[in-house]
Amino acid sequence: MGVVLVLLWLGAVLGLALGARRRWPDQPEWSRKLLHIGTGPVVLIAWATGIDRWIALPAAAVVTLLAALNHRYRLLPAIEDVGRHSYGTVAYGAAITLLLALFWPAQPQAVAAGVLVMALGDGFAGLLGPLIPSPSWQILGQRKSVMGTTAMAGTALLVLLLLRQQQGAGPGPGALLLISLVATLLEQLAVLGLDNLTVPVVTGLLWSWLALRP
């Protein structure tokens with residue numbers, strides 16, 4: 001049942017992303033970010049339904065391989081055509097695969113923390129940053145803005161606080177603030193979309209480490 005729910009969810013998200021691409025062809029980033037944000041809750045579905053490691057890990061690896069093939073051959077342009085060279089979708093899949101390899105199913109909170117901070121934090125930053133005018137700057141050729149950075153930091157912290165509240169355990173509030181700040185700093189270094197790898201993996205590692213500290 002868990003696998004079926006995951007497939008149904010991913011199919012719905014992909015359908016929405018393709019629909020957004022057709023509806024707003026001059027805004028390719030929207031469909032990409034919709035897919036980016038919508039993929040995150042998959043880890044919650046897997047967690048809630050108790051999907052086994054031997055299913056979750058190979059599935060994530062296969063999805064990463066498919067993302068790499070799509071990056072190379074542009075089979076689904078709605079995912080890749082954003083007017084810049086980026087390995088973001090491949091890095092995103094690789095990050096989820098690595099988090100599952102490190103923490104699933106012993107520490108699902110660490111996996112959820114890493115994936116959701118990236119999915120929601122970076123996703124909303126990528127949507128709101130260009131939509132709402134605010135002071136901006138360039139880092140290694142990538143435009144960053146006050147609005148986008150604030151969205152990343154605020155969303156990351158909110159996700160971590162909600163995850164801790166839901167579980168009743170995890171890093172303390174100060175540690176969660178530190179994790180959200182580190183994730184935000186890593187998101188600033190978004191060269192070639194590799195922040196899709198660094199942000200979730202480092203977030204998951206920090207959650208796991210700081211949750212064990214008094």
Side-chain angles (χ1 to χ4, degrees), residues 9 33-34 36-51 53 56 60 88 91-132 134-137 139 142 144-190 193-214:
W9 179 267
K33 288 303 180 183
L34 180 59
H36 187 90
I37 293 170
T39 301
V42 164
V43 70
L44 298 180
I45 298 173
W47 185 3
T49 58
I51 292 180
R53 178 184 178 89
Y92 194 15
I96 295 174
T97 303
L98 182 55
L99 285 171
L100 290 171
L102 290 172
F103 301 120
W104 196 266
Q107 298 183 65
Q109 300 96 329
V111 180
V115 173
L116 292 176
V117 163
M118 188 64 215
L120 302 180
D122 180 74
F124 284 118
L127 286 176
L128 297 178
L131 284 176
I132 302 176
S134 66
S136 63
W137 55 90
I139 297 181
Q142 302 291 315
K144 298 295 175 180
S145 68
V146 170
M147 185 64 240
T149 301
T150 301
M152 173 66 191
T155 303
L157 181 58
L158 179 60
V159 164
L160 296 173
L161 287 171
L162 289 175
L163 184 60
R164 186 184 190 280
Q165 182 181 30
Q166 190 271 333
Q167 285 298 295
L176 296 183
L177 179 60
L178 174 63
I179 295 172
S180 65
L181 290 176
V182 170
T184 301
L185 289 173
L186 290 173
E187 193 270 338
Q188 295 286 299
L189 306 175
L194 295 181
D195 57 318
N196 283 10
L197 177 64
T198 59
V199 170
V201 171
V202 171
T203 297
L205 288 170
L206 285 175
W207 176 287
S208 175
W209 179 55
L210 292 172
L212 300 175
R213 298 179 67 83

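Side-chain contact check for Q109 versus W47: some heavy-atom pair is nearer than 4.5 Å. Contact of the M147 side chain with the L131 side chain is not registered, since no non-hydrogen atoms from C-beta on lie closer than 4.5 Å. Side-chain contact between V182 and T203 is absent, with no heavy atoms from C-beta onward closer than 4.5 Å. Considering only heavy atoms from C-beta on, T149 comes within 4.5 Å of T184 through its side chain.
For the pair R164 (side chain) and P171 (backbone), a donor-acceptor distance under 3.5 Å is present. At distances below 3.5 Å, not a single donor-acceptor pair connects side-chain atoms of S208 with backbone N or O atoms of L205. Panel note: side chain H36, backbone M118; a donor-acceptor pair is recorded below 3.5 Å. Distance alone, capped at 3.5 Å, is enough to place a donor-acceptor pair between the K144 side chain and the E187 backbone. Judged by distance alone, the side chain of S136 and the main-chain N or O of S145 form no donor-acceptor pair under 3.5 Å.
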Going by atom type alone, with no hydrogens or angles, which donor-acceptor pairs under 3.5 Å involve a side-chain atom of residues 94-106 and a protein atom two or more places apart or on another chain?
unit_1, atom_1, unit_2, atom_2, d
T97, OG1, A60, O, 3.3
T97, OG1, T64, OG1, 3.2
T97, OG1, G93, O, 2.9
W104, NE1, I51, O, 2.9

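The two residues I37 and A119 come nearest to each other via the heavy atoms CG1-O, 3.4 Å.
Side-chain contact annotation: Q142 with W137, donor-acceptor N/O pair under 3.5 Å absent.
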Practice task
Begin from the C-alpha positions of D195 and L186 and carry the test side chain to side chain contact (heavy atoms under 4.5 Å, CB included) through to its verdict.
Solution key: CA-CA 6 Å; D195 57 318; L186 290 173; 5.8 Å; no
Exercise for the section: Carefully, step by step, assess T198 and L189 under the rule side chain to side chain contact (heavy atoms under 4.5 Å, CB included). Expected result: CA-CA 9 Å; T198 59; L189 306 175; over 6 Å; no
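With W207 as the partner, the side chain to side chain contact (heavy atoms under 4.5 Å, CB included) test is satisfied by one option alone out of L212, L160, V202, V111: L160.
Here CG of L178 is found 6.5 Å from CG of L206. Values are rounded to the nearest 0.5 Å. Considering CG of L116 and CG of L120, their distance stands at 5.5 Å, rounded to 0.5 Å. From L158, atom CG reaches atom CG of L163 across 11.0 Å, with rounding to the nearest 0.5 Å.
Applying the side chain to side chain donor-acceptor pair (under 3.5 Å) test to W9 and every residue at least two apart in sequence or in another chain returns nothing.
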